Number of protein chains: 2
Amino acid sequence: MDKKINADSCNCTIIHEDVVNKVKKDMPKEEKLYDLADLFKVLGDSTRVRILSALFHAEMCVCDIAALLNMNQSAISHQLRVLKQSRLVKNRRDGKVVYYSLDDEHVKSIFDQGLIHINEKD
Amino acid sequence: MDKKINADSCNCTIIHEDVVNKVKKDMPKEEKLYDLADLFKVLGDSTRVRILSALFHAEMCVCDIAALLNMNQSAISHQLRVLKQSRLVKNRRDGKVVYYSLDDEHVKSIFDQGLIHINEKD
DNA sequence: ATAACATATGAACAGTTATTCAGATGTTCA
DNA sequence: TGAACATCTGAATAACTGTTCATATGTTAT
């Protein structure tokens, strides 16, 4: 309903009010965009990217991942928690060992698109 | 060539050496994964996500974006620079005004996949 | 029950980053 | 040339985040 542009805090005169109003109408809900940024924030760490990339190929336990990435167990465990909170991985316990695996089919395609971008721009 | 697992720094005994070796072989090059994380790092900020989301719908100048997002011009300018360095946006100057637009077709599909993930998990 | 092992967790520290502020640069027009 | 405006930039600050360390939890086997 309220399509009025608030120019108080941007210290600019608005140049193209029509464009701004149109875009404002067409954009997704603010909340969704914040959630999206939060998702990318989770993906925006090399340790977590490497963990996910590993889990694309096999279910793995914490120690295996730590050995693979040459990092200590605690660091991996902390990051797995972050990934789990974002529902990107899930786990199952088998005795002492906890196995982690992917909990999302879309991450793979997000990664693939990202890699295409990278490979095109260098 | 060197598929030996370095377990020195992970303070774990390796449980499934076969799995670790297989995954190590199948994973993309380390460097690509770091680049990928860097890309997601750029996408992992709500201001930048909102800017890109706006640019999906129209080319816009800095002032317009600032007004749309209700932020000051300097903050937007700083973020546009980050987006440009990652080749996600490009710009053209028309007199005093600088117009920004998307410089990547893949970002849209990365966003779409991300939104699917978000919408499924709540 | 206790030792051994895999994993999880909380606190602390170091490094990174987004925004703000002040001012610089570049362009247009009178 | 100088005023007005759009944009850019560097420094400073405040907030956030990843890793490490020490320790806790949970499971198995003796």
Side-chain angles (χ1 to χ4, degrees), chain A residues 7-17 19-20 34 37-51 59-86 89-101, chain B residues 7-17 19-20 34 37-38 40-52 59-86 89-101:
Chain A
D8 297 341
S9 60
C10 76
N11 66 351
C12 306
T13 49
I14 296 171
I15 308 186
H16 311 91
E17 189 158 3
V19 175
V20 175
Y34 280 94
D38 285 339
L39 172 63
F40 291 136
K41 213 169 289 178
V42 171
L43 300 179
D45 172 77
S46 59
T47 300
R48 291 190 290 265
V49 163
R50 290 186 299 152
I51 291 173
E59 175 187 70
M60 295 180 86
C61 72
V62 181
C63 262
D64 289 345
I65 300 172
L68 174 68
L69 303 187
N70 205 23
M71 292 178 66
N72 75 51
Q73 173 273 320
S74 179
I76 301 298
S77 185
H78 277 296
Q79 297 304 348
L80 283 168
R81 178 148 65 112
V82 174
L83 291 170
K84 194 172 178 218
Q85 278 168 347
S86 301
V89 305
K90 59 182 188 295
N91 59 13
R92 68 180 178 88
R93 178 180 276 275
D94 182 13
K96 285 182 292 195
V97 183
V98 178
Y99 292 94
Y100 282 84
S101 60
Chain B
D8 297 343
S9 62
C10 76
N11 67 350
C12 304
T13 47
I14 295 170
I15 308 185
H16 310 91
E17 191 158 3
V19 174
V20 175
Y34 279 94
D38 284 339
F40 290 135
K41 214 169 288 179
V42 172
L43 300 180
D45 173 78
S46 60
T47 300
R48 290 190 292 266
V49 162
R50 289 186 300 153
I51 290 173
L52 289 171
E59 175 187 71
M60 295 180 86
C61 71
V62 181
C63 263
D64 289 344
I65 299 172
L68 174 67
L69 304 186
N70 206 23
M71 293 178 66
N72 75 51
Q73 173 273 321
S74 180
I76 301 298
S77 186
H78 277 294
Q79 299 304 347
L80 283 169
R81 178 147 65 114
V82 174
L83 291 170
K84 197 177 176 210
Q85 279 168 346
S86 302
V89 305
K90 59 182 190 292
N91 59 14
R92 68 182 179 86
R93 179 179 275 275
D94 182 14
K96 285 181 291 193
V97 183
V98 178
Y99 292 94
Y100 284 83
S101 59

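Note that the structure is a prediction, hence the values are computed from the model and not measured. Labels below follow one simple rule: chain letters A, B, ... track the order of the sequence lines, proteins then strands, and each chain is numbered from 1.
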Under the 5.5 Å and 30° test, is B/H78 stacked on the base of C/dT19? no

What is the distance from CZ of A/F40 to C1' of C/dT17, rounded to the nearest Å? 19 Å

Using a cut-off of strictly less than 4.0 Å, decide whether B/Y100 has a side-chain nitrogen or oxygen near OP1 or OP2 of D/dA6. no

Quick one: pull up CG in A/L80 and CD in A/Q73 and give me the separation to the nearest 0.5 Å. 9.5 Å

Quick one: A/M60 CE to C/dT7 C1', roughly how many Å, whole number? 16 Å

Protein within reach of the bases, or only the backbone? For nucleotides 24-30 of chain C, mark each nucleotide 5' to 3' as B, S or -, using heavy atoms under 4.0 Å. --BBS--

Interatomic distance where CD belongs to B/Q73 and C1' belongs to C/dT20 [whole Å]: 12 Å

Examine C/dT9: is either OP1 or OP2 under 4.0 Å from a nitrogen or oxygen in the side chain of A/R81? Give yes or no. yes

So, is A/T47 near the phosphate of D/dT19, with a side-chain N or O under 4.0 Å from OP1 or OP2? yes

Hey, what do you get for CG (B/L83) to CG (B/N91), rounding to the nearest 0.5 Å? 11.0 Å

No-H, no-angle donor-acceptor pair, B/S74 side chain to D/dT9 base, under 3.5 Å: yes

Value for SG (A/C61) from CZ (A/R93), rounded to nearest 0.5 Å, stands at 11.5 Å

Remember a base hit wins even if backbone is also touched, and classify A/K41 as base, sugar-phosphate or nothing at under 4.0 Å, heavy atoms. sugar-phosphate

Taking CG from A/L69 and C1' from D/dG18, how many angstroms apart are they, rounded to a whole number? 14 Å

Against B/Q79, only a single residue in B/R48, B/K84, B/M71 fulfils side-chain contact (heavy atoms from CB on, under 4.5 Å); can you say which? B/R48

Below 30° counts as parallel, above 60° as perpendicular, anything between as tilted: where do the rings of A/H16 and B/Y99 land? tilted

Look at the side-chain N and O atoms of B/Q79 and state whether any lies under 4.0 Å from the OP1 or OP2 oxygen of C/dT19. yes

Value in whole Å for how far the C1' atom of D/dT17 lies from CG of A/L43: 16 Å

Please give, in whole Å, the distance from D/dT27 C1' to A/R92 CZ? 15 Å

Just one of A/V42, A/L43, A/L39 clears the side-chain contact (heavy atoms from CB on, under 4.5 Å) bar with B/F40, so which one? A/L43

Would you say A/R48 places a side-chain N or O within less than 4.0 Å of OP1 or OP2 belonging to D/dG18? yes

Roughly how many Å is it from CD1 in A/I65 to P in C/dT7, rounded to a whole number? 9 Å

Interatomic distance where CG belongs to B/L80 and P belongs to D/dA6 [whole Å]: 16 Å

Hey, mind stepping through B/V20 and A/M60 against side chain to side chain contact (heavy atoms under 4.5 Å, CB included) and telling me if it holds? CA-CA 8 Å; B/V20 175; A/M60 295 180 86; 4.1 Å; yes

When you measure from the side chain of A/M71, which nucleotide among C/dT20, D/dT19, C/dT7 comes out closest? D/dT19

